[in-house]
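Beneath this line is the structure, given in structure tokens, with notes to follow.
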Amino acid sequence: MDSLTHIAIGACIGEAVMGRALGKKALLLGAVLHSLPDVDNVAYLWMDTPHALLNHRGITHSLFFTVILTPILAFSGQKLFSKATISLIHWCQFTAICLLAHLGLDALNSYGTGLLEPFSQQRFSLHWLYVADPLFSLPPIIIAFILLLKPTSFNRRPTLGVLAISWCVLYTAQAAVCHHVIQSRLAKLLLQKKEATSTYKQAYITPAPFTTLLWYFVAPAGNGFYTGYLGMFDEPESFKFAYHATNQQLASRLPQPAAFKLMEKFANHEYTLEYRLPDTLVMNIPRFGQVQGWQNPNQPFAFAYILHPPASNTGVVQRGRLAGWNRQTIIGYCKRLLGR
């Protein structure tokens with residue numbers, strides 16, 4: 001999830017678990033502990049983009065990291081706040097909740113989280129939530145702001161913290177239900193198409209930007225992928241999809257394939273290659289969606305890493321997500337969410 005959401009949820013966890021003992025300090029402590037796994041973002045200062053992309057959500061987002069760090073941080077917290085009579089067990093519980101909640105949230109979207117590192121390089125993604133969903137994030141952000149303003153004597157502070165956490169749990173549950181419903185509909189619709197093959201069993205869906213009402217799917221098929229969008233309010237006859245060839249043969253033209261090998265690993269070998277300009281070869285990673293693909297399944301992919309010629313790829317994950325969005329686009333997107 002985005003950093004602001006992590007900070008807000010961490011603050012609410014801090015209030016719910018430690019508010020009575022630490023007062024408003026619990027907000028700050030919860031926000032810091034819950035955001036701690038994202039310390040791997042510092043690697044962008046010295047790593048090139050492929051290594052940084054692979055490093056992010058790696059070891060610092062693992063269960064191993066949590067197990068090692070929890071007693072250390074708990075012991076440090078007990079010493080730092082020695083005036084508060086809080087047992088070491090309670091500090092361990094609080095620290096583990098903050099860290100594990102971060103791991104769980106990040107595993108809900110499409111980037112992938114290395115929960116089992118360093119023992120396994122496998123990344124886990126449930127594809128239930130978009131990386132920034134206002135309906136998910138706004139309640140805990142608002143509640144965290146209220147808790148910051150309210151005095152410590154306000155007797156509903158723990159209740160507000162629990163309310164924020166409960167909202168996140170309930171919203172995640174409805175996202176899981178929507179995911180299941182769309183997945184079932186997609187399976188039926190794909191099987192009705194002439195191009196349907198057994199490879200559609202490998203299809204996965206992930207939320208469109210900022211919502212759980214519209215979903216984007218990627219279905220490996222032969223030497224490429226079928227992609228498209230399907231909404232909760234869509235009529236079956238409006239279903240459209242497009243085919244994107246992998247074009248793996250283009251990789252042989254790369255003078256220095258090292259970056260390509262790293263990006264291939266980051267993409268989990270699910271990518272397409274194409275020339276965006278006559279002399280610019282890019283790698284697209286379908287799981288990150290398309291630029292306004294909800295209105296045209298042939299739109300370019302949002303994640304396009306420039307392989308050749310050498311160019312800056314800073315911010316490549318976010319670079320194409322909202323390209324071309326304006327007032328008219330937003331109105332059209334809202335209509336699309338309603339199946340129109």
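Values in this document were obtained by computation on a predicted structure and should not be read as measured data.
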**Request:** Mind running side chain to side chain contact (heavy atoms under 4.5 Å, CB included) on F301 and I285 for me, showing each step along the way?
**Result:** CA-CA 7 Å; F301 291 106; I285 301 183; over 6 Å; no
For the ring pair [X] and [Y], is the centre-to-centre distance below 6.0 Å?
| X | Y | result |
| --- | --- | --- |
| Y111 | F266 | yes |
| Y204 | F217 | no |
| W215 | Y229 | no |

Do the non-hydrogen side-chain atoms of [X] and [Y] ever get within less than 4.5 Å of each other?
| X | Y | answer |
| --- | --- | --- |
| L105 | H34 | yes |
| L337 | F233 | no |
| L281 | R276 | no |
| D48 | H51 | yes |
| C168 | I9 | yes |
| L73 | L33 | yes |
| F81 | L29 | yes |
| P309 | T280 | yes |

Rounded to the nearest 0.5 Å, what separation is found between the [atom1] atom of [X] and the [atom2] atom of [Y]?
| X | Y | atom1 | atom2 | answer |
| --- | --- | --- | --- | --- |
| K335 | I330 | NZ | CD1 | 13.5 Å |
| L36 | H102 | CG | NE2 | 9.0 Å |
| M232 | T211 | CE | OG1 | 10.0 Å |
| T5 | F136 | OG1 | CZ | 7.0 Å |
| H179 | L108 | NE2 | CG | 10.5 Å |
| L54 | D40 | CG | CG | 12.0 Å |

**Prompt:** When you look at F225 and Y271, which way does the ring pair (Phe, Tyr, Trp, His ring centres under 6.0 Å) test go after all the steps?
**Reply:** CA-CA 9 Å; F225 304 89; Y271 61 88; 8.0 Å; no
**Message:** Would L103 and F65 count as a side chain to side chain contact (heavy atoms under 4.5 Å, CB included) here? Give the steps.
**Reply:** CA-CA 11 Å; L103 271 57; F65 179 83; over 6 Å; no
Is there a path from [X] to [Y] through hydrophobic residues (I, L, V, M, F, W, Y) whose side chains come within less than 4.5 Å of each other?
| X | Y | answer |
| --- | --- | --- |
| I306 | L53 | no |
| I141 | V32 | no |
| L163 | I142 | yes |
| V39 | W46 | yes |
| L69 | L100 | no |

For [X] and [Y], indicate whether the former's side chain and the latter's backbone hold a donor-acceptor pair under 3.5 Å.
| X | Y | answer |
| --- | --- | --- |
| S125 | H127 | no |
| E117 | I59 | yes |
| T60 | P37 | yes |
| N247 | L273 | yes |
| T70 | T66 | yes |
| Y216 | P209 | no |
| Q174 | Y171 | yes |
| N326 | T329 | yes |
| T212 | A175 | no |
| K24 | L148 | yes |

Among side-chain atoms of [X] and [Y], is any donor-acceptor pair under 3.5 angstrom?
| X | Y | value |
| --- | --- | --- |
| H6 | D2 | no |
| N313 | T49 | no |
| D38 | S35 | no |
| E274 | N284 | yes |
| T227 | H244 | yes |
| D106 | H61 | yes |

[X] versus [Y], closest heavy-atom pair with distance:
| X | Y | answer |
| --- | --- | --- |
| T172 | L129 | OG1-CD1, 4.0 Å |
| Y243 | G224 | OH-N, 3.1 Å |
| S110 | T206 | CB-OG1, 3.8 Å |
| A144 | A11 | CB-CB, 4.2 Å |
| K150 | R157 | O-NH1, 2.9 Å |
| G23 | E15 | O-OE1, 4.3 Å |

**Asked** Mind checking whether F288 and F303 have parallel, tilted or perpendicular rings, split at 30° and 60°?
**Response** parallel
**Message:** Does R336 form a salt bridge (Lys or Arg N to Asp or Glu O under 4.0 Å) with D234? I'd like the steps, not just the answer.
**Reply:** CA-CA 9 Å; R336 180 67 183 84; D234 284 3; 2.7 Å; yes
**Request:** Return each pair, listed once, that meets salt bridge (Lys or Arg N to Asp or Glu O under 4.0 Å) where at least one residue sits in residues 277-292; pairs must be two or more places apart or across chains.
**Result:** none
How about [atom1] on [X], more than 12 heavy atoms from neighbouring residues, nucleotides or ligands closer than 6.0 Å, or not?
| X | atom1 | result |
| --- | --- | --- |
| Q295 | CD | yes |
| N296 | CG | yes |
| Q328 | CD | no |
| Y275 | OH | yes |
| F154 | CZ | yes |

**Prompt:** Can you name the residues that form a ring-ring contact (aromatic ring centres under 6.0 Å, His included) with Y130, not counting sequence neighbours?
**Reply:** F210
**Request:** Evaluate the side chain to side chain contact (heavy atoms under 4.5 Å, CB included) criterion for residues L250 and R253: first the C-alpha distance (whole Å), next the side-chain angles of each, then the deciding distance (0.1 Å), finally the verdict.
**Result:** CA-CA 6 Å; L250 296 178; R253 305 182 186 181; 3.7 Å; yes
Tabulate below the donor-acceptor pairs under 3.5 Å that side-chain atoms of residues 82-98 make, not counting sequence neighbours, or state none.
from : atom 1 : to  : atom 2 : distance (Å)
S87  : OG     : H90 : N      : 3.2
H90  : NE2    : V17 : O      : 3.4
T95  : OG1    : W91 : O      : 2.9

